[in-house]
Amino acid sequence: MKPVGRRTVADVALQDQLIGSPAKPRMSVMDRLRLGDAVFHALTRAASIMVLVILGGVMIALVQGALPAFETFGLSFFYEQHWNPVTDKFGALAPIYGTIVTSLIAMVIAVPVGLLIAMFLTELCPLWLRRPIGIAIELLAGIPSIIYGIWGLFVFAPFLQSYVQPALIETFSYVPGLSSLFAGPPYGIGVLTSGLILAIMVLPFIASISRDVFAAVPPVLKEAAYGLGCTTWEVVRNVVLPFTRVGVVGGIMLGLGRALGETMAVTFVIGNAHRISSSILAPGTTISATIANEFTEATGDLYTSSLIALGFILFIITFIVLACARYLLLRLEQRIGA
Amino acid sequence: MATALYASRRRRNRIAQGLTIVATVFGLGWLVLILGDLLWQGFSGLSLEVFTAMTPPPGSNGGLLNPIFGSLVLTVIAVAIGSPLGVLAGTYMAEYGRYDRLTSVVRFINDILLSAPSIVIGLFIYEVMVVPMGHFSGIAGSVALAVLVIPVVVRTTEDMLLLVPNTLREAASALGMPRAVVITRVAYRAARAGMVTGVLLAVARISGETAPLLFTALNNQFWSLNLNAPMASLPTVIFQFALSPYKEWQQLAWTGALIITFTVLALSVVARTLAAPSKIT
């Protein structure tokens with residue numbers, strides 16, 4: 001029996017169990033409740049530690065799986081270009097290059113457009129339109145990536161092949177420096193197409209985060225600027241953007257993280273060619289597309305291990321980008337809270 | 001001089017405002033285009049057979065019954081595993097450990113898991129489940145999806161519990177209830193709509209996921225209830241059929257895409273109307 005004198009739960013919670021009973025069963029009921037509380041506390045704590053365990057588990061499993069490849073190829077895995085399952089020679093340069101280039105194309109398009117949409121939604125849009133447009137953009141973000149993939153393959157790529165790419169090749173063929181960037185036959189699928197699809201996918205993320213960040217600017221600051229006679233553009237340029245810079249960069253990095261790791265949409269339209277081509281119209285590959293295309297068909301331990309090593313590289317890259325993004329967004333939150 | 005400056009400022013403002021409208025139309029245009037094409041291509045293949053027949057061999061007609069069923073099974077198991085764990089973790093972060101150091105670390109890591117590439121999660125489950133078991137299986141696919149469910153549920157649970165006014169908790173505690181009772185009987189009830197929203201958003205998220213299933217649940221051309229064997233799912237079947245050269249398969253892929261998209265959109269609309277818009281990014 002525990003000492004009676006310590007702080008305990010009061011009678012009210014126990015009423016139903018206590019009708020007409022003396023102190024002894026009452027204490028046992030209280031002990032039971034206390035035990036229940038301790039168990040629940042431990043359970044919830046264990047569940048939240050599990051989140052950390054998952055991340056650690058991902059790291060360990062990937063390192064373990066990738067070890068044979070890293071041991072065999074060493075550092076050359078990162079800068080060798082050939083990817084040959086027949087001779088068991090693997091180098092990750094082409095997929096890494098493809099991942100970075102497609103994400104870059106996506107960001108070049110999605111960042112300005114996303115910021116402009118956010119500006120429209122916070123500064124110009126009539127109030128009654130804000131919610132519908134906001135919902136539409138979130139719906140665009142919710143469409144599964146495989147839908148972008150199938151749409152890109154059957155609708156978007158043929159469109160690019162017959163209209164956009166010939167025009168690009170024609171236009172840039174006499175521009176020195178840019179001609180090799182837009183060289184070769186119009187395949188439809190390729191690095192540029194993947195970049196464009198990624199841009200469409202990342203756009204809603206950047207737009208909705210930037211909108212939230214813009215909306216957090218204290219109205220007093222904007223009103224002061226408007227009061228001085230600033231135009232809408234000047235308010236955004238000189239008040240809103242400087243105030244929210246950290247958060248906007250965070251939102252952009254979050255979008256970049258998505259673009260780097262995006263799998264299905266890219267797999268459909270990139271063409272899965274393990275080479276680095278100077279033309280962005282040519283087929284290429286990305287880390288995630290390589291894994292998705294080849295993993296189940298990979299024969300031999302070294303092949304599988306090389307693919308897992310690719311996954312490990314992807315995870316590290318996105319981890320760093322996402323960690324930076326969260327850190328920046330956190331900083332903005334603290335500043336607004338302060 | 002002053003009027004020239006004034007005019008140029010005004011002109012610049014006009015251009016910027018015009019560009020924002022162009023950008024918004026450009027952004028929303030894709031939604032219209034994609035949904036339009038999806039309806040156009042998918043609707044023509046929609047028939048009762050899609051829901052009653054199995055996936056066909058190349059070159060013949062059939063349906064999507066086994067992948068639809070497989071997707072349902074995988075999703076239900078994933079949610080059954082993932083959402084209790086997510087709710088518990090979110091509970092710790094909002095209730096017991098609100099001011100803990102552990103909580104801020106978990107929140108940071110959870111936010112990263114929330115947007116981590118899903119294909120990496122697939123590789124992880126491949127390493128820890130498929131390799132030791134020696135074969136692909138439906139249960140491995142479910143666990144992979146559950147790992148994707150957890151961060152979404154953790155995030156919404158924590159957010160929603162933080163919105164519950166402290167006066168409610170204080171009132172319950174003043175009546176003598178222990179913490180566990182306060183949380184399960186008072187806080188959960190106040191935050192219920194929001195927490196259900198979180199689970200629905202998680203379902204929406206995983207029902208279109210393909211990458212983590214490719215090398216966990218794999219695919220299955222036949223009807224299979226065995227969780228210990230490869231299992232078909234809509235996204236993987238779409239992936240396989242869309243990239244095939246057969247017209248019938250491609251048509252089924254479009255129809256499957258239509259089914260998935262409208263399931264996901266319906267789920268997110270229900271989730272949004274159920275609770276105040278939560279910030280899931």
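Within every chain, numbering begins at 1; the chains are lettered A, B, ... in the order of the sequence lines, protein sequences first and strands thereafter.
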Participant: Heavy atoms only, distances under 4.5 angstrom: which of B:L218, B:L28, B:L38 has the most pairs with chain A? Name it, please.
Facilitator: B:L28
Participant: Output the option from A:I308, A:L43, A:I291 having the highest count of non-hydrogen pairs under 4.5 Å with chain B.
Facilitator: A:I291
Participant: Under 4.5 Å heavy-atom distance to chain A, tell me which part of B:L31 shows up: side chain, backbone, both or neither.
Facilitator: both
Participant: Identify which part of A:L153 has an atom lying under 4.5 Å from any heavy atom of chain B, answering side chain, backbone, both or neither.
Facilitator: side chain
Participant: Might you confirm whether atom CG of A:D301 has over 12 heavy atoms from other residues, nucleotides or ligands at distances under 6.0 Å?
Facilitator: no
Participant: Checking heavy atoms, do the side chain of A:L203, its backbone, both or neither come under 4.5 Å from chain B?
Facilitator: side chain
Participant: With only heavy atoms counted, which part of A:T232 is less than 4.5 Å from chain B, the side chain, the backbone, both or neither?
Facilitator: both
Participant: CD of A:Q64: more than 12 outside heavy atoms within 6.0 angstrom?
Facilitator: no
Participant: Who wins among A:L139, A:I49, A:I117, A:L121 for the most heavy-atom pairs under 4.5 Å with chain B?
Facilitator: A:I117
Participant: If you tally heavy-atom pairs under 4.5 Å against chain A, which of B:L123, B:T184, B:V32 wins?
Facilitator: B:L123
Participant: Can you tell me which portion of B:A204 sits under 4.5 Å from chain A's heavy atoms? Options are side chain, backbone, both or neither.
Facilitator: neither
Participant: Considering only heavy atoms, which portion of B:S173 lies under 4.5 Å from any heavy atom of chain A: side chain, backbone, both, or neither?
Facilitator: neither
Participant: What residue, out of B:F26, B:F239, B:F136, has the most heavy-atom pairs lying under 4.5 Å from chain A?
Facilitator: B:F239
Participant: Given the options A:F120, A:F315, A:W233, which has more heavy-atom pairs under 4.5 Å with chain B than any of the others?
Facilitator: A:F120
Participant: Return the minimal non-hydrogen interatomic distance between B:R205 and B:L114, and the atom names on each side.
Facilitator: NH1-O, 3.3 Å
Participant: Between B:I15 and chain A, which part of the residue has a heavy atom less than 4.5 Å away: side chain, backbone, both or neither?
Facilitator: neither
Participant: Based on non-hydrogen pairs under 4.5 Å, which of A:G57, A:S145, A:G142 is most in contact with chain B?
Facilitator: A:G57
Participant: Under 4.0 Å between a Lys/Arg side-chain N and an Asp/Glu carboxylate O for A:D31 and A:R34?
Facilitator: yes
Participant: May I ask you to name which of B:T261, B:V128, B:L102, B:V22 has the most heavy-atom pairs under 4.5 Å with chain A?
Facilitator: B:L102
Participant: Which of the residues B:D111, B:L19, B:L85 is involved in the greatest number of heavy-atom pairs with chain A at under 4.5 angstrom?
Facilitator: B:D111
Participant: Which one of B:I121, B:I206, B:I81, B:L113 satisfies the side chain to side chain contact (heavy atoms under 4.5 Å, CB included) criterion with B:V147?
Facilitator: B:I121
Participant: Less than 6.0 Å separating the ring centroids of A:F268 and A:F154?
Facilitator: no
Participant: With a 4.5 angstrom heavy-atom cut-off, which part of B:T24 approaches chain A: side chain, backbone, both or neither?
Facilitator: both
Participant: Return the orientation label for the A:H41 and B:Y92 ring planes: parallel under 30°, perpendicular over 60°, tilted otherwise.
Facilitator: tilted
Participant: Quick one: what part of A:L62 sits under 4.5 Å from any heavy atom of chain B, side chain, backbone, both or neither?
Facilitator: side chain
Participant: Between B:Y188 and B:T91, do the side chains contain a donor N or O and an acceptor N or O under 3.5 Å apart?
Facilitator: yes
Participant: Taking CZ in B:R98 as the centre, count heavy atoms belonging to other residues, nucleotides or ligands within less than 6.0 Å. Is the count above 12?
Facilitator: yes
Participant: Might you point out which heavy atoms bring B:E127 and A:A61 nearest each other, and give the distance in Å?
Facilitator: OE1-O, 3.6 Å
Participant: Evaluate side-chain hydrogen bond (donor to acceptor under 3.5 Å, both in side chains) for B:N13 paired with A:E234, printing each intermediate quantity in order.
Facilitator: CA-CA 8 Å; B:N13 190 42; A:E234 284 163 350; over 6 Å; no
Participant: Run the numbers on B:F108 and A:Y327 for ring-ring contact (aromatic ring centres under 6.0 Å, His included), then give the verdict.
Facilitator: CA-CA 8 Å; B:F108 194 74; A:Y327 173 71; 7.8 Å; no
Participant: Is it true that atom CZ of A:R237 has more than 12 heavy atoms of other residues, nucleotides or ligands lying nearer than 6.0 Å?
Facilitator: no
Participant: For each of B:A172, B:G256, B:P117, tally heavy-atom pairs with chain A at distances under 4.5 Å, and name the one with the top tally.
Facilitator: B:P117
Participant: Counting heavy-atom pairs under 4.5 Å to chain B, which of A:I143, A:L330, A:V155 comes out on top?
Facilitator: A:V155
Participant: Below 4.5 Å from any heavy atom of chain A, which atoms of B:I150 appear? Answer side chain, backbone, both or neither.
Facilitator: side chain
Participant: Measure A:T318 against the heavy atoms of chain B and call it side chain, backbone, both or neither at under 4.5 Å.
Facilitator: side chain
Participant: What part of B:L214 is in contact with chain A, defined as an atom under 4.5 angstrom from a non-hydrogen atom: side chain, backbone, both or neither?
Facilitator: both
Participant: Which one, A:W151, A:F319, A:Y148, leads in non-hydrogen pairs under 4.5 Å with chain B?
Facilitator: A:W151
Participant: A side-chain contact here means heavy atoms from C-beta on lying under 4.5 Å apart; do A:S288 and A:L314 qualify?
Facilitator: yes
Participant: Can you tell me which portion of A:V58 sits under 4.5 Å from chain B's heavy atoms? Options are side chain, backbone, both or neither.
Facilitator: both
Participant: Determine, using ring centers only, whether B:W30 and A:F156 are less than 6.0 Å apart.
Facilitator: yes
